[in-house]
Number of protein chains: 2
Amino acid sequence: MLGLLAREALSGYDLASRMRERVGFFWQARHSQIYPELARLEGDEMVVHRVVEQRDRPDKKVYEITDVGLEALKEWVTAPVKPRATRDEMVLKAYSVWLADPEKAVTLFREQQRLHEEQLLRYEEIEAWMEEEWGEDLSLPSSPRFASYAALRRGIIHERGYAEWCGWVADRLEKGGAGTG
Amino acid sequence: MLGLLAREALSGYDLASRMRERVGFFWQARHSQIYPELARLEGDEMVVHRVVEQRDRPDKKVYEITDVGLEALKEWVTAPVKPRATRDEMVLKAYSVWLADPEKAVTLFREQQRLHEEQLLRYEEIEAWMEEEWGEDLSLPSSPRFASYAALRRGIIHERGYAEWCGWVADRLEKGGAGTG
DNA sequence: TAACCCATGTAAACGGTTACATGATTTC
DNA sequence: GAAATCATGTAACCGTTTACATGGGTTA
């Protein structure tokens with residue numbers, strides 16, 4: 001949330017939209033988590049809000065990051081990470097795929113392959129758009145555009161790898177050895 | 001847990017070890033989660049246990065999967081997955097890296113690159129061992145060895161992609177454009 | 001007039017981690 | 001004598017999701 005607010009002042013509702021649309025591929029939060037957290041951050045003086053009155057829409061609270069919040073965010077960015085546990089249901093399924101009906105398994109893995117290939121395409125379109133529109137900014141480490149680009153690159157590499165793996169599994173299942181193991 | 005018990009009968013303690021060592025890279029659970037879950041699975045008739053008395057060690061409860069459990073597992077393997085939310089702290093940091101001290105950021109990303117390259121090497125060693133030891137079983141979709149191999153392949157592709165991305169970010173940060181953005 | 005978007009909150013439930021608790025045996 | 005391994009459990013806490021709750025304005 002601070003990472004988003006460091007780029008622009010946003011309401012809780014805006015933050016929830018960003019979580020769904022832009023940064024959703026690597027982090028998410030629902031509005032039910034966002035509103036209490038904004039209150040907590042304000043208590044810690046990381047953010048401040050002002051009420052913006054609107055004619056045709058409900059009023060909103062627009063949150064801005066403070067110097068305290070910005071400093072905390074800067075520190076956090078380069079702070080060491082403790083290795084986080086990954087959980088991947090498809091790998092879990094792969095681990096037990098020897099028990100499954102191979103045809104059904106192929107269907108599942110092909111479906112997943114397709115989904116990740118589609119997502120990859122979407123990311124690559126955004127990548128092309130960024131390179132077109134943002135040009136030289138993408139080589140400026142102090143630009144938020146560079147940072148967005150870097151995050152997107154992870155998405156691309158992830159989807160490529162995931163689709164490749166699903167395809168590999170499906171191929172192996174299709175070639176298949178003896179059905180009895 | 002059913003996926004592990006389908007391969008061999010295990011105690012809660014054994015399950016916890018497997019979660020740490022073998023399947024830990026794509027799924028984990030602590031003993032505090034495992035013991036109550038085993039009781040729940042037994043209530044659902046997915047597993048049964050017998051007490052194994054040991055001379056030099058504490059007695060243990062060894063759990064076996066039942067036909068009911070095996071059927072449920074088989075069904076689950078090919079059942080559709082609902083897209084799970086990924087959360088990646090490094091990508092989150094990358095998204096705000098434009099605010100950070102570039103030198104410190106390079107250190108962080110190089111460190112992560114190294115860690116993932118090391119993990120990749122470990123996986124590749126296991127891969128080589130599997131190919132050596134398990135040979136033709138690796139092309140039998142009905143063999144648990146094939147399934148282990150498939151899961152490992154995901155680990156390899158993941159680590160390769162992750163290390164590549166960390167390196168890419170660090171390279172870009174080092175080349176760096178103007179410091180002012 | 002029904003569906004959707006904007007806008008903000010609270011409450012209950014769930015999955016998972018950390019900490020608490022106990023105790024025997026083996027290895028250094 | 002201390003630390004590590006084997007072995008099984010419970011309790012408290014925390015982050016997240018789902019559901020509950022409200023209400024005005026716009027678009028089809």
Side-chain angles (χ1 to χ4, degrees), chain A residues 1-5 8-21 23-44 47-64 76 81-89 92, chain B residues 1-5 8-21 23-44 47-64 76 81-89 92:
Chain A
M1 281 167 50
L2 291 180
L4 286 164
L5 294 175
E8 50 178 337
L10 294 168
S11 68
Y13 185 88
D14 294 332
L15 279 166
S17 314
R18 297 288 187 289
M19 292 278 185
R20 256 187 291 109
E21 288 148 25
V23 305
F25 91 85
F26 59 91
W27 211 271
Q28 323 76 36
R30 308 295 170 93
H31 73 273
S32 59
Q33 201 178 358
I34 289 168
Y35 291 117
E37 186 64 16
L38 279 171
R40 201 189 63 75
L41 285 173
E42 191 151 44
D44 291 348
V47 300
V48 284
H49 85 267
R50 65 201 141 86
V51 176
V52 174
E53 285 172 50
Q54 298 179 118
R55 275 140 258 156
D56 41 353
R57 294 173 195 287
D59 296 352
K60 60 179 175 177
K61 295 183 184 178
V62 174
Y63 288 83
E64 232 177 309
W76 169 80
V81 293
K82 55 172 169 179
R84 234 188 99 88
T86 53
R87 286 195 162 82
D88 190 320
E89 197 181 343
L92 210 58
Chain B
M1 282 167 52
L2 291 181
L4 286 164
L5 293 176
E8 51 180 334
L10 294 168
S11 68
Y13 185 89
D14 294 332
L15 279 166
S17 315
R18 296 287 187 291
M19 292 279 185
R20 256 185 292 109
E21 289 148 25
V23 305
F25 92 85
F26 59 91
W27 211 271
Q28 324 75 36
R30 308 295 170 93
H31 74 272
S32 59
Q33 200 179 358
I34 289 169
Y35 291 117
E37 187 62 18
L38 279 171
R40 201 190 62 76
L41 285 173
E42 191 150 44
D44 291 348
V47 300
V48 283
H49 84 269
R50 66 201 139 88
V51 175
V52 174
E53 284 170 52
Q54 298 179 118
R55 276 140 259 154
D56 40 354
R57 293 171 195 289
D59 294 355
K60 59 178 176 180
K61 296 183 185 176
V62 173
Y63 288 83
E64 232 178 309
W76 169 80
V81 293
K82 56 171 168 177
R84 233 186 100 87
T86 53
R87 286 195 162 82
D88 190 320
E89 196 181 343
L92 209 57

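Below, chain A is the first sequence line, B the second, and so on; all start at residue 1.
Rounded to 10 degrees, the angle separating the terminal axes of the helix from dT1(C)-dA28(D) to dC28(C)-dG1(D) is 30°, with each axis obtained from five end pairs.
Residue pairs satisfying the side-chain hydrogen bond (donor to acceptor under 3.5 Å, both in side chains) criterion with at least one member in residues 29-38 of chain B, sequence neighbours excluded, are listed as follows: E37(B)-R40(B).
Separating the CD atom of E37(B) from the P atom of dT17(C) is a distance of 13 Å, rounded to the nearest angstrom. Between the C1' atom of dT8(C) and the CG atom of L38(A) lies a distance of 11 Å, rounded to the nearest Å. Rounded to a whole Å, the OH atom of Y63(A) is 10 Å from the C1' atom of dG9(C). Atom P of nucleotide dG15(C) and atom CE of M19(B) are separated by 15 Å, given to the nearest angstrom. If you measure from atom CZ of R40(B) to atom P of dG9(D), you get 16 Å, rounded to the nearest angstrom. Rounding to whole angstrom units, NE2 of residue H49(B) and C1' of dT8(D) are separated by 12 Å. The nearest whole Å value for the distance from the CZ atom in R50(B) to the P atom in dT8(D) is 13 Å. With rounding to whole Å, Q54(B) atom CD is found 9 Å from dA7(D) atom C1'.
Formation of a donor-acceptor pair under 3.5 Å by the Q28(B) side chain with backbone atoms of G24(B) is found in this model.
Between Y63(A) and L4(A) there is no side-chain heavy-atom pair separated by less than 4.5 Å. With a 4.5 Å cut-off on side-chain heavy atoms, T86(A) and D88(B) do not count as touching.
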Interface polar pairs with nucleotides 16-19 of chain D, N/O, under 3.5 angstrom:
{"unit_1": "dT16(D)", "atom_1": "OP2", "unit_2": "Q33(A)", "atom_2": "NE2", "d": "2.4"}
{"unit_1": "dT16(D)", "atom_1": "O5'", "unit_2": "Q33(A)", "atom_2": "NE2", "d": "3.2"}
{"unit_1": "dT18(D)", "atom_1": "OP2", "unit_2": "R30(A)", "atom_2": "NH1", "d": "3.0"}
{"unit_1": "dT18(D)", "atom_1": "OP2", "unit_2": "R30(A)", "atom_2": "NH2", "d": "3.4"}
{"unit_1": "dT18(D)", "atom_1": "O4", "unit_2": "S32(A)", "atom_2": "OG", "d": "2.6"}

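Applying the ring-ring contact (aromatic ring centres under 6.0 Å, His included) test to F25(A) and every residue at least two apart in sequence or in another chain returns Y123(A). Among residues two or more places apart in sequence or in another chain, the side-chain contact (heavy atoms from CB on, under 4.5 Å) test is passed with V62(A) by A9(A), R50(A), V52(A), K60(A).
Residue E21(B) places its CD atom among more than 12 non-hydrogen atoms of other residues, nucleotides or ligands, all under 6.0 Å distant. Few gaps surround CD on Q54(A); more than 12 heavy atoms of other groups in view lie less than 6.0 Å from it.
For dC6(C), the OP1/OP2 oxygens have a side-chain nitrogen or oxygen of Y13(A) closer than 4.0 Å. The side chain of Y35(B) contributes an N or O atom lying less than 4.0 Å from OP1 or OP2 of dT8(D).
No side-chain N or O of D14(B) forms a donor-acceptor pair with one of S17(B) less than 3.5 Å apart.
Electrostatic pairing of R18(A) and E8(A) counts as a salt bridge here, judged by a charged N lying under 4.0 Å from a carboxylate O.
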Nucleotide by nucleotide, nucleotides 22-28 of chain D touches protein heavy atoms under 4.0 Å in the pattern (B base, S sugar-phosphate only, - none) -B-SS--
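Nearest-nucleotide mapping onto DNA chain D: of P36(B) and R20(B), the residue sitting toward the 5' end is R20(B).
Each of E64(A), E42(A), K61(A) was compared with H49(A) under the side-chain hydrogen bond (donor to acceptor under 3.5 Å, both in side chains) criterion, and only E42(A) meets it.
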